[in-house]
Amino acid sequence: MSINKFLIIDGNSLIHRAFHAIPQLSTSDGIITNAVYGFTNMLFKVLQKIEPDYIAVAFDKGKITFRHASYADYKAQRKATPPELRTQFPLLKEVLRHMRIQTLELENYEADDIIGTLTNLAESQGIESVVLTGDRDALQLVSPRVRVLLTKKGITEMEEYDEGRVWDRYGVSPTQIIDIKGLMGDTSDNIPGVPGIGEKTALKLIQEHGTLEDVIAGMEKLPTRWRNKLLEHQDQALLSKQLATIDRQVPLNIAVQQFKWQGPDYPSLLDIFSRLEFKTLVHSIIDKAGGNNKTGALPGQAAGSQNELDTHNVEYQKMSTEEELEQIRYAAGASGVAALELTGTREAGINYAALSNDTGGTIYLLSVREQTGALDTIADICADPQVKKICADGKEALWLLHRHNRTLRGLGFDTRLAAYLLNPSQSQNTLADLALQYLQLVLPAEGEAAAAARVDVLGRLEQMLHQKLVDTGMDRLYYDVELPLVSVLADMEMEGVAVDPQILCSMAEETGQQIDSLVLEIYRLAGEEFNINSPKQLGDILFNKMGLPVVKKTKTGFSTDASVLEELASSHVIVDKILAYRQLAKLKSTYIDGLFGLINPTTGRIHTTFHQDVTATGRLSSSNPNLQNIPIRLQEGRRIRRVFIPHQPGNLILTADYSQIELRILAHMSGDLNLISAFKQGQDIHTRTAAEVFNVPMEQVTPEMRSRAKAVNFGIVYGISDFGLSRDIKVSRAEAGKYIRSYFERYSGVKEFIDRKIAEARDKGYATTLLNRRRYLPDISSRNRVTRAFGERTAINTPIQGSAADIIKLAMVRIHNELKKRQMATKMILQVHDELIFDVPPEELDTVKNMVTEYMENALQLDVPLVVDLKLGPNWYDVRKV
DNA sequence: GCGAGGCC
DNA sequence: GGCCTCGC
């Protein structure tokens with residue numbers, strides 16, 4: 001017989017997660033239901049995964065708990081629960097009542113403590129507990145009989161912690177988690193800990209000594225810097241530990257048996273789900289329970305099969321014989337379309353492939369690992385441009401196929417990208433998220449059933465999202481730009497960028513030595529050793545110990561950012577050393593060590609990931625590593641560019657960047673005659689602006705004037721404020737205001753453009769770009785002045801920044817096509833917002849220079865010319881204008 | 001999660 | 001204005 005399982009849920013933690021994970025959802029008469037909906041879906045998901053025998057949901061009760069008795073400031077920084085969430089608590093409790101799930105709350109205690117007590121109770125009776133929460137503190141409860149399920153980003157994913165997982169993640173036992181917290185504190189709960197000791201030190205001390213008490217007892221032997229801090233704050237540390245400790249002896253006077261789960265009360269559950277307009281949940285109950293399931297058992301459970309109440313499960317046909325594989329090929333060819341889902345990893349390759357040629361039609365499933373011929377079948381369909389593929393993530397499919405040396409042609413729809421265009425501010429566009437958002441369906445987590453369900457959802461989403469793209473006027477942008485860009489980016493990622501590891505190593509050594517000597521010098525000047533990387537410790541040294549004047553504060557303490565340090569540079573020699581240290585530390589950790597660690601051992605190159613659905617404006621982003629922020633401004637950092645080299649000896653690095661693309665777009669969109677004439681005449685735009693703003697002939701513009709005008713130009717593009725400009729060019733706000741007024745006098749078309757864009761965004765609720773890309777701006781109608789001002793700046797910046805993104809994306813697609821068509825060896829390897837970077841064999845150089853210039857400059861016809869500057873060299877550092 | 005700092 | 005990474 002299997003061991004009984006007790007599912008214990010942290011109601012507060014989970015409802016908060018759900019509230020933030022699901023942006024907006026309400027009934028037709030305006031009752032907000034997003035958190036309840038998210039919670040219910042999470043609950044169903046876990047019910048399926050765990051199949052518990054007992055269930056309880058614990059809630060906090062009251063604002064004051066026993067912890068406040070010993071520490072009045074406990075959780076003092078917590079924000080009040082927003083009203084839109086507060087109203088959902090009663091609704092949730094009602095849902096739980098109809099689910100016949102017991103809830104628990106107790107005056108003076110937090111949900112955590114109730115949970116801890118329940119796990120104790122369960123343990124004493126040999127019952128296994130599973131705690132579901134979003135709060136890492138619960139990890140202290142983990143034991144052989146207690147597992148913790150932590151919610152991850154979104155609501156569809158969770159991470160399970162048993163003892164081994166806690167050790168792997170933290171290097172300590174579950175009970176030691178509270179000792180760690182005693183030392184380092186927790187800002188979110190306002191638990192102080194020991195000032196100057198962070199997670200690193202705390203982990204080290206606890207790993208070496210065992211408990212906080214042991215650390216304090218053995219204090220004498222510790223290095224001075226820690227001993228002093230501990231000595232001073234030992235009481236606070238012990239108190240912090242006490243605060244962080246979950247009370248597992250709450251006087252509850254209950255028995256586990258009270259929480260025995262009998263399954264939901266379907267009729268009343270049906271009733272509340274329809275009241276809350278959870279349509280698919282209603283349907284799934286009617287479908288699966290048949291409406292006459294009065295026993296309360298979950299559908300199918302009595303027969304011993306899986307509980308299918310929550311998840312979207314579909315029929316599918318597993319194909320294994322040669323005839324069946326042939327049938328799949330035939331069906332794909334005949335229909336010319338395939339919703340396609342590949343599961344697996346980039347490392348191990350494809351595991352399952354599922355596809356369907358007709359929404360709602362047969363779903364075929366292939367096990368690529370088990371079946372000979374399956375991979376060829378699926379890869380041939382993928383390679384056939386005549387079969388339009390519908391994918392959840394086309395670029396990932398390309399990577400999976402790449403692992404088998406195959407490819408995908410004819411990507412006809414990518415749900416991730418469609419959802420991104422429909423709302424680029426939405427952070428999650430996985431198929432699971434979209435299924436929930438657009439179809440109110442929960443997808444199974446893994447396995448064959450998941451692949452099949454995903455294919456079913458793909459087809460339905462394609463129809464729905466396609467229509468929305470047409471309705472919003474973004475179908476051209478989608479089909480002509482974003483979708484073709486998928487394989488362009490995949491090619492760039494796969495091609496990678498070659499680096500010279502030798503140069504990287506020698507830079508590591510050199511920089512390391514410079515850092516070491518700066519560190520010694522800083523310690524000497526400070527009179528003690530401390531962690532310079534910790535703004536908290538640094539602030540303590542500079543402002544408390546050394547008494548430097550406080551310039552600026554952050555939410556958590558003294559500000560020590562570069563602008564502050566530059567202001568303090570004259571006060572003490574240590575400040576310059578710290579600035580130099582910061583610069584080198586950044587260089588080494590991010591750009592030298594960081595890049596080194598990301599060299600692919602197989603290819604010897606660096607393969608970044610380009611994200612096509614991240615930014616709110618339409619730009620791309622890059623990560624692992626971010627190759628869009630390689631230093632250039634300062635000489636010391638710029639040298640890192642020497643490590644980026646061509647793919648073959650003799651090849652060259654060619655960079656092509658748009659000159660002033662954002663200001664040119666501003667000229668075009670605003671129609672400002674002054675600005676247009678400057679670009680038409682090919683003038684230096686900042687000099688011209690200076691001449692206008694300072695009312696002097698262009699020949700009399702000084703470097704100082706030009707640099708201020710340049711800041712004004714930047715400011716305009718960002719949606720200027722006198723405050724922002726005064727900070728950037730270090731003049732008074734009044735002075736900055738004068739520049740802005742004078743600018744608007746000379747460039748009245750720009751002023752009109754700004755006013756027009758703000759009005760338009762307020763009117764429609766969104767801003768648009770030249771290719772009709774859309775970004776919703778709810779902030780622009782806020783009653784809060786600061787929030788609204790932010791919305792207004794966004795309304796100006798988004799059309800400009802986003803149109804620049806439109807243009808370079810168009811150019812990328814065309815250049816890539818042309819390179820392929822002509823079967824050239826030149827590779828486009830990077831994009832840095834207004835710049836494209838190529839690896840070029842010398843014999844193709846002339847062709848490529850012309851082609852790139854041509855396509856970039858003519859990507860879109862504007863009222864001003866688009867101008868591209870080309871640079872060429874043996875690496876990314878030594879490029880010179882051509 | 002925050003502060004800091006790199007890019008366009 | 002828009003990002004990503006590092007270290008705390």
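Scope of the values below: all heavy atoms of this structure, side chains included, with no hydrogens, waters or symmetry mates. Not measured: the values here are computed from a predicted model. Per chain, numbering begins at 1; letters A, B, ... match sequence-line order.
Using a 4.0 Å heavy-atom criterion, one finds that A:Val717 contacts no nucleic acid atom at all. Looking at heavy-atom distances under 4.0 Å, A:Ala804 makes no contact with the nucleic acid at all. Residue A:Ile796 is out of contact with every strand shown, counting any heavy-atom pair closer than 4.0 Å. Nucleic acid contact class of A:Phe714 (heavy atoms, under 4.0 Å, all strands): none. A:Ala616 comes within 4.0 angstrom of sugar-phosphate atoms only, judged by non-hydrogen atoms across all strands, and of no base. Using a 4.0 Å heavy-atom criterion, one finds that A:Arg793 contacts the sugar-phosphate atoms exclusively. A:Arg775 comes within contact range of the sugar-phosphate backbone alone, with a heavy-atom separation under 4.0 Å but no base atom that close. No engagement by A:Thr798 is indicated, since no non-hydrogen atom pair under 4.0 Å with the nucleic acid exists.
Salt bridge present: A:Glu528 and A:Lys545 bring a charged side-chain N and a carboxylate O closer than 4.0 Å. A salt bridge links A:Lys241 to A:Asp179: at least one charged side-chain nitrogen sits closer than 4.0 Å to a carboxylate oxygen.
Out of C:dG2, B:dG6, C:dC8, the shortest distance to the side chain of A:Asn626 is found at B:dG6. Minimum atom distance to the side chain of A:Pro535 is reached by B:dG3, of the listed C:dG2, B:dG5, B:dG3. Of the candidates C:dC4, B:dG5, B:dG3, the closest approach to any side-chain atom of A:Lys555 belongs to B:dG3. The A:Val614 side chain lies nearest to C:dC4 when the options are C:dC4, C:dG2, B:dG6. For A:Asp561, taking side-chain heavy atoms from C-beta onward, the closest of the listed nucleotides B:dG5, C:dG2, B:dC8 is B:dG5. The nucleotide whose nearest atom lies closest to any side-chain atom of A:Ile632 is, among B:dA4, B:dC7, B:dG6, B:dC7. In the set B:dC7, C:dC6, C:dG2, C:dG2 carries the atom at the smallest distance from any side-chain atom of A:Arg619. Among the nucleotides C:dC4, C:dG2, B:dA4, the one closest to any side-chain atom of A:Ser623 is C:dC4. When distances run from any side-chain atom of A:Asn533 to the nucleotides B:dG6, B:dC8, C:dC8, the shortest one goes to C:dC8.
Contact annotation: A:Thr590 does not reach the phosphate of B:dG5 (side-chain N/O to OP1 or OP2, under 4.0 Å). Contact check, A:Asn797 against C:dG2: no side-chain N or O comes under 4.0 Å of OP1 or OP2. Between A:Arg582 and the phosphate of B:dG5, there is a side-chain N or O to OP1/OP2 separation shorter than 4.0 Å. Proximity of A:Thr615 to the phosphate of C:dC3: no side-chain N or O atom is located under 4.0 Å from OP1 or OP2. In this model, the phosphate group of B:dG3 is approached by a side-chain N or O of A:Thr556 to a distance below 4.0 Å at OP1 or OP2.
The CD1 atom of A:Ile578 sits 18 Å away from the P atom of B:dG3 (whole-angstrom rounding). Rounded to whole angstrom, the span from the CD atom of A:Glu835 across to the P atom of C:dG2 amounts to 22 Å. Between A:Phe530 atom CZ and C:dC8 atom C1' there is a gap of 14 Å when expressed in whole angstrom units. For the pair A:Asp613 CG and C:dG2 P, the interatomic distance rounds to 17 Å; values are reported in whole Å. One atom, CG of A:Leu777, and another, P of C:dG2, lie 10 Å apart when rounded to the nearest Å. Look at CG on A:Leu584: it is 15 Å from C1' on B:dA4, rounded to the nearest Å. For the pair A:Gln612 CD and C:dC3 C1', the interatomic distance rounds to 16 Å; values are reported in whole Å. The separation between A:Ile630 atom CD1 and C:dT5 atom C1' is 11 Å, rounded to whole Å.
Between A:Met856 and A:Tyr658 the shortest heavy-atom distance is O-OH, 2.6 Å. Smallest separation of non-hydrogen atoms from A:Ser781 and A:Arg762: OG-CG, 4.2 Å.
Scanning atom types as modelled, no donor and acceptor separated by under 3.5 angstrom connect the side chain of A:Lys586 and the base of B:dG6. No donor-acceptor contact under 3.5 Å links the side chain of A:Gln801 to the base of C:dG2. For A:Asn629 and B:dG6, a side-chain-to-base donor-acceptor distance below 3.5 Å is present, hydrogens and geometry of angles not being considered. Residue-to-nucleotide contacts include no donor-acceptor pair under 3.5 Å from the side chain of A:Arg633 to the base of B:dC7.
Residues A:Tyr718 and A:Arg793 bring no donor and acceptor atom of their side chains to less than 3.5 Å of each other. The closest side-chain donor-acceptor pair between A:Thr560 and A:Arg582 falls under 3.5 angstrom.
If you find the closest nucleotide of DNA chain C to A:Pro424 and to A:Leu598, the one lying nearer the 5' end belongs to A:Pro424.
Enclosure of atom CD in A:Glu208 by more than 12 non-hydrogen atoms of other residues, nucleotides or ligands within 6.0 angstrom is indicated.
Of the candidates A:Thr617, A:Thr798, A:Asp806, A:Asp806 is the only one forming a side-chain hydrogen bond (donor to acceptor under 3.5 Å, both in side chains) with A:Thr769.
Less than 4.0 Å separates DNA chain B from no heavy atom of any residue of residues 656-663 of chain A.
Between atom CZ of residue A:Phe714 and atom CG of residue A:Asp728 there is a gap of 10.0 Å, rounded to the nearest 0.5 Å.
Contact check for A:Ile630 versus A:Tyr591: side-chain heavy atoms found under the 4.5 Å cut-off.
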